[in-house]
Novice: 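Quick one: structure below, then a few questions.
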Amino acid sequence: MNDLPQNTDELLERINADWTVLMALIAPLTEEQFARPAADGWAIKDQLAHLTHWENWLLRHHMQGEPAQDVMQVDSEMLEDFEVDQVNALIQARSHSRPTADILTELQQTHQQLIAALSALPFDKLLQPRYADDPEARPLLLWVAGDTYEHYQEHSAIIREQCSN
C-alpha cells in the first residue's frame, strides 16, 4: 500500500504519465504494425483492445457496480470459474478482426470516461475495501492501479518488444 498514490492528484498524475508513454509509443505505428500478430497471435491492436476492456471493467464493474456478466458480455456460468487467461483470450478473439481505428477510438473514449469518473470520486472511496468479504480488505485503489498505470506499463513493454521484432 505504501507505493500506491496517496491522493487523487497523485493517482491521476501516475495514470497520465504512463498513458502518455503508451500513446507516444503507438502514435507513429502504421496499420500494418498495429495488425501484425506477434508469436503469441496477439497484434498491437489486440493489446490496445485488451487495455480498453480492463479499463471498462474497472469503470463499470468495480466502480459503478454493474453485474460482471453484463460488463464482460458473457453468461454468468462462464464467470463461475473466472479465469483471467480465458477472459483475455475471449477479448483477443472479439477484437482481432475489428478495425484498428475503431479500437483506438474506443480506447480513447473509455479512458476519458474512466478519468472523469476517477476525478469525481472522493479518494477515501478508493481506500475502502473493494469486496466486503475480502479477508485482506484490499482497497479499490489496488484495482485502479492494476487496470491503469501498472497495466499501461506492462503493455507498453510488450508493444515495445513487438515493434523491435
Side-chain angles (χ1 to χ4, degrees), residues 1-26 38 40 42 44-95 103-104 106-162:
M1 197 59 189
N2 292 342
D3 64 338
L4 289 172
Q6 299 301 303
N7 56 56
T8 299
D9 288 342
E10 188 180 338
L11 172 64
L12 294 174
E13 286 172 16
R14 287 193 194 185
I15 291 171
N16 185 54
D18 288 307
W19 178 258
T20 300
V21 168
L22 176 64
M23 292 299 103
L25 182 63
I26 67 170
D40 64 1
W42 283 57
I44 291 171
K45 70 178 192 167
D46 299 329
Q47 301 288 338
L48 299 174
H50 169 91
L51 288 171
T52 302
H53 172 85
W54 289 108
E55 275 196 347
N56 186 54
W57 172 254
L58 171 64
L59 176 64
R60 292 177 52 204
H61 179 66
H62 288 302
M63 294 174 63
Q64 296 173 345
E66 287 186 47
Q69 66 270 14
D70 293 350
V71 178
M72 291 274 182
Q73 299 176 342
V74 297
D75 60 44
S76 57
E77 291 174 8
M78 180 181 179
L79 294 174
E80 287 176 14
D81 296 319
F82 182 87
E83 292 287 334
V84 171
D85 289 341
Q86 289 177 315
V87 172
N88 287 338
L90 179 64
I91 296 165
Q92 195 267 345
R94 287 178 177 171
S95 67
I103 290 171
L104 292 172
E106 185 180 21
L107 175 69
Q108 290 291 340
Q109 290 172 342
T110 302
H111 183 73
Q112 289 170 1
Q113 292 168 358
L114 177 60
I115 294 303
L118 287 169
S119 297
L121 188 68
F123 192 74
D124 65 334
K125 297 278 188 194
L126 295 173
L127 299 177
Q128 294 175 4
R130 167 56 185 103
Y131 297 103
D133 62 349
D134 182 357
E136 297 175 51
R138 292 170 295 171
L140 175 58
L141 186 57
L142 285 177
W143 280 265
V144 173
D147 285 333
T148 60
Y149 62 89
E150 291 176 353
H151 213 190
Y152 310 151
Q153 293 168 8
E154 175 189 356
H155 287 276
S156 289
I158 293 168
I159 291 168
R160 205 173 281 112
E161 172 132 353
Q162 282 182 261

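Model, not experiment: these values are computed from the prediction.
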Novice: Do Asp147 and Leu114 touch side chain to side chain, with heavy atoms closer than 4.5 Å?
Specialist: no

Novice: Taking all non-hydrogen atoms of both residues into account, name the closest pair between Ala145 and Leu4 and its distance.
Specialist: CB-CD2, 3.9 Å

Novice: Would you call the rings of His155 and His151 parallel, tilted or perpendicular if under 30° counts as parallel and over 60° as perpendicular?
Specialist: perpendicular

Novice: Of all the heavy-atom pairs spanning Phe123 and Pro5, show the shortest one and how long it is.
Specialist: CZ-O, 3.3 Å

Novice: Could you go through Ile15 and His111, starting from their C-alpha distance and side-chain angles, then the distance that decides it, and tell me whether this counts as side chain to side chain contact (heavy atoms under 4.5 Å, CB included)?
Specialist: CA-CA 10 Å; Ile15 291 171; His111 183 73; 3.8 Å; yes

Novice: Measure the CD1-CG distance between Ile159 and Leu51 for me, rounded to the nearest 0.5 Å.
Specialist: 6.5 Å

Novice: Would you tabulate the side-chain donor-acceptor contacts of residues 133-141 under 3.5 Å, counting partners in other chains and residues two or more places apart, or write 'none'?
Specialist:
{"residue": "Asp134", "atom": "OD1", "partner": "Glu136", "partner atom": "N", "Å": "2.9"}
{"residue": "Asp134", "atom": "OD2", "partner": "Arg138", "partner atom": "N", "Å": "3.0"}
{"residue": "Asp134", "atom": "OD2", "partner": "Arg138", "partner atom": "NE", "Å": "2.8"}
{"residue": "Asp134", "atom": "OD2", "partner": "Arg138", "partner atom": "NH2", "Å": "3.4"}

Novice: Quick check for you: to the nearest 0.5 Å, what is the distance between His53 atom NE2 and Glu106 atom CD?
Specialist: 10.5 Å

Novice: So, do Arg94 and Leu90 sit near enough that their side-chain heavy atoms are less than 4.5 Å apart?
Specialist: yes

Novice: Mind checking whether Trp19 and Thr148 have side chains closer than 4.5 Å, heavy atoms only?
Specialist: no

Novice: Looking at Val21 and Ser156, what are the two nearest heavy atoms and their distance?
Specialist: CG1-OG, 4.4 Å

Novice: Hey, mind stepping through Ile115 and Asn16 against side chain to side chain contact (heavy atoms under 4.5 Å, CB included) and telling me if it holds?
Specialist: CA-CA 9 Å; Ile115 294 303; Asn16 185 54; over 6 Å; no

Novice: If you round to the nearest 0.5 Å, how far is CH2 of Trp42 from CG of Asn88?
Specialist: 5.0 Å

Novice: Do Leu48 and Ile44 come close enough that some side-chain heavy atom pair is under 4.5 Å?
Specialist: yes

Novice: Once the angle between the rings of Trp54 and Trp57 is folded into 0 to 90°, is it parallel (under 30°), tilted (30 to 60°) or perpendicular (over 60°)?
Specialist: perpendicular

Novice: What are the two closest non-hydrogen atoms of Leu59 and Met63, and how far apart are they?
Specialist: O-CB, 3.3 Å

Novice: Measuring from atom CD of Gln109 to atom CD of Glu55, what distance do you get when rounded to the nearest 0.5 angstrom?
Specialist: 12.0 Å

Novice: Answer yes or no: is there a side-chain heavy-atom contact under 4.5 Å between Leu142 and Arg130?
Specialist: no

Novice: So which heavy atom on His61 is nearest to which on Ala68, and how close?
Specialist: ND1-N, 3.6 Å

Novice: Could I get the full list of side-chain hydrogen bond (donor to acceptor under 3.5 Å, both in side chains) partners for Glu10, not counting sequence neighbours?
Specialist: Arg14

Novice: Just verifying a value: how many Å separate Gln64 CD and Leu58 CG, rounded to the nearest 0.5 Å?
Specialist: 9.5 Å

Novice: Looking at every heavy atom in both His50 and Ile91, which two are closest together, and how far apart are they?
Specialist: CA-CG2, 3.8 Å

Novice: Would you confirm whether Thr110, through its side chain, and Leu107, through its main-chain N or O, come within 3.5 Å as a donor-acceptor pair?
Specialist: no

Novice: For the pair Thr8 and Leu118, evaluate side chain to side chain contact (heavy atoms under 4.5 Å, CB included) and give the outcome as yes or no after the intermediate values.
Specialist: CA-CA 8 Å; Thr8 299; Leu118 287 169; 6.0 Å; no

